Structure formats: C-alpha cells, structure tokens
S.K.: 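Please see the structure below; I have some questions.
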Amino acid sequence: MAMLLHEDIKTHNVLSGGGSGIGLMAAQALAANGAKVYISGRTKEKLDRVVEQYGKNVVGEIIGIQADVNHKQGIQDLFGEISKREKCLCILVNNAGVSSEHLDKEEATGAKGTRKSWFEKGSSSFEDWQKTFNTNVSSIFFMTSAFLPLLEKSTETHKGWSSAVINVTSISGMIKSSQAHFAYNASKGAAIHLNRMLANEIVTSGMKIRVNSIAPGVFPSEMTTKESDENQKSGIPKEDWEGRVPAGRAGKDEDMASTVLFVATNQYLNGQNIAVDGGYTLAAGL
C-alpha cells in the first residue's frame, strides 16, 4: 500500500479489532507511515498472522496483543499492557464491531406480518440488542475512558500535536433505512452520538484530545462478506455495487487508509463524523 508519508504519525497506536477488515486497513495505513501500531483482538492466531503478513517491510511496526474489549477487566488488562510498554498513547482507534440478527423484510408486511418478523421470531431478542450495543457502543465509551491518561500524556509530550481518538461507526447509523438489522443500525447511530458527546465532554474538561469518527459505507470485511482469505482480507466484486452507489463499487483499502490518515493527523478536526461511502448516503437518503 503506497501513500505519502505523514511525519505526524510516527507515534504509538492501539487498534481494537485490527486483525481483519477495516481495522486491518487502518493498521496498515498507520504502520506504512511510520507508526508503531498495537493491534488487539480475541484471537491470537489472527493477530500473529497479521504481524507476519503485514508487519514486515514497513516504515513502522505492527504488534499484536490478545485482548477482549467487551468487558472492563479486559480493557484494564490491555491498558496495563500498553502502560508497561509506552509512556503515552498518541492515537486510539476504537474499531471493535459486530452485526446483529437480520429480520425478514419479506415477512414484514402489514401489522401481523411485521409483528411476526420484528417481535415473534426467536432471533429478535433483547440479548441480540444487548450484545450488539455492548460491542458497538459500550466498548467505545470504556476504551476511551480507560486510555485518557495515556492520551493526555501524548499531547503533553509532543509539541504541536493533540492526541486522537478515532471511533469507527457506520453510515448504517445515519440513513433512514433499518437495512433489516434494527439493532446494528441503532447501535451505530448511538455510536455517532457518543462520539460527539465524548468530544464535547473531553474538551469541556480541559483535555486536549481530539475525538472523531469514521462512518464507512460498504467495505470488504468479515462482517460484510462473512469470510476472509488466508491474508485476512475479504473481497466484494465490483459488479455487486454497480448502479447501487454513485461510485459504482465497494470501498477499497486505499479509500479507508487515506481517511484514517486525514482524521489522525488533522489537528483542526474535532467532534466530527466523516462518512466515506462512495455516495451511499446520497442514494439511500438520510
């Protein structure tokens, strides 16, 4: 992945869920530009594969740390591990995410059919909503809260630099359609609002830490394609999205990489949610 070198990100980073998909795209972009990137995830084999496959012949470094950010103890353990290795943290990318159960759109016609799809089906459950919100919303709050001291230390250490939190949301939290997965879209809408609240509360508390989010459209990932290859990469054929979005294709690694670098390095950006979607929101409507 070739791109211009950003001197500002020769720093230290934590990525939650950097083993595949958008998290891996972000890790590659940052490491290619000189950053020391810590990727975390629950599956050690995935992390090891990323380090072996993508951690060589880059300006920076990729280091895997096994962690579970779905509960406070897992986050505390990750904070402790990073604190042992680094004096500060310059960029935190909250990328952990899961989809939710799909509800049958064909059945959801009329009051009875809609009730059957939305309420009666066993896959439509409080547990599904709780699991989805726990990963897509709660983990953002607790990860950001836990790492504030290391993020603040980065701002104090590097003159002219304010540390950054990048939350990965989704255009699914912006558009009017449920896309047949209410819990997922609602969680991403909540994540977008949480991003704004965190930015505000951190600023009003006197901390110089920027908080922004990236809302991807359709990008190849294990969530969107249900699989990845031996290189931890997923693919979406161009023809699948021709005529469905103005760009006529799904997003590429380079599209996400340039967005991550922009949000990470732009010192004048704070409290924003950046949609990178090939015009999906224009077609779908907000």
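None of the values given here were measured: they were computed from a predicted structure.
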S.K.: Say whether Ile192 and Leu282 are linked into one hydrophobic cluster, either directly or through other cluster members, by side-chain heavy-atom distances under 4.5 angstrom.
M.R.: no
S.K.: Taking atom types as modelled, find out whether Thr155 and Ser162 have a side-chain donor-acceptor pair closer than 3.5 angstrom.
M.R.: no
S.K.: Is Glu81 salt-bridged to Arg85, going by a charged N under 4.0 Å from an acidic O?
M.R.: yes
S.K.: Check Lys36 with Glu86, please: is the shortest side-chain N to carboxylate O separation under 4.0 Å?
M.R.: yes
S.K.: Checking side-chain polar atoms at under 3.5 Å, does Thr281 have a donor or acceptor matched by the opposite partner on Asp277?
M.R.: yes
S.K.: Quick one: does Thr204's side chain have a donor or acceptor within less than 3.5 Å of a partner on Glu201's backbone?
M.R.: yes
S.K.: Can you find a heavy atom in the side chain of Val276 that is under 4.5 Å from one in the side chain of Met256?
M.R.: yes
S.K.: Verify whether one side chain among Asp77 and Gln73 offers a donor that lies under 3.5 Å from an acceptor in the other.
M.R.: yes
S.K.: Side chains of Ser154 and Trp161: any donor to acceptor distance under 3.5 Å?
M.R.: yes
S.K.: Any side-chain heavy-atom pair from Leu151 and Val165 closer than 4.5 angstrom?
M.R.: yes
S.K.: Report yes or no: do Val245 and Leu286 belong to one cluster of Ile/Leu/Val/Met/Phe/Trp/Tyr joined by side chain heavy-atom distances under 4.5 Å?
M.R.: yes
S.K.: Verify whether one side chain among Gln66 and Ser40 offers a donor that lies under 3.5 Å from an acceptor in the other.
M.R.: no
S.K.: Taking the ring centre of each residue, are Trp129 and Phe182 less than 6.0 Å apart?
M.R.: no
S.K.: Below 4.5 Å, heavy atoms only, C-beta onward: do Ile140 and Leu198 meet side chain to side chain?
M.R.: yes
S.K.: Test: salt bridge (Lys or Arg N to Asp or Glu O under 4.0 Å). Region: residues 255-265. Which pairs qualify, not counting sequence neighbours?
M.R.: Arg249-Asp255
S.K.: Do Met197 and Phe141 sit in the same hydrophobic cluster, where Ile, Leu, Val, Met, Phe, Trp and Tyr count as joined when their side-chain heavy atoms come under 4.5 Å apart?
M.R.: yes
S.K.: Would you say Ser178 and Asn185 are linked by a side-chain donor-acceptor pair, where the criterion is simply a distance under 3.5 Å?
M.R.: no
S.K.: Other residues, nucleotides and ligands only: do more than 12 of their heavy atoms fall within 6.0 Å of NZ on Lys252?
M.R.: no
S.K.: Here's a test for you: under side-chain hydrogen bond (donor to acceptor under 3.5 Å, both in side chains), which of Asn167, Thr169, Asn273 qualifies with Asn195?
M.R.: Asn167
S.K.: Between Leu148 and Met207, is there a side-chain heavy-atom distance shorter than 4.5 Å?
M.R.: yes
S.K.: Any donor and acceptor pair, going by atom type alone, linking the side chain of Asp68 with main-chain N or O of Gly74 inside 3.5 Å?
M.R.: no
S.K.: Taking side chain as C-beta onward, heavy atoms only, is Asn212 less than 4.5 Å from Ile166?
M.R.: no
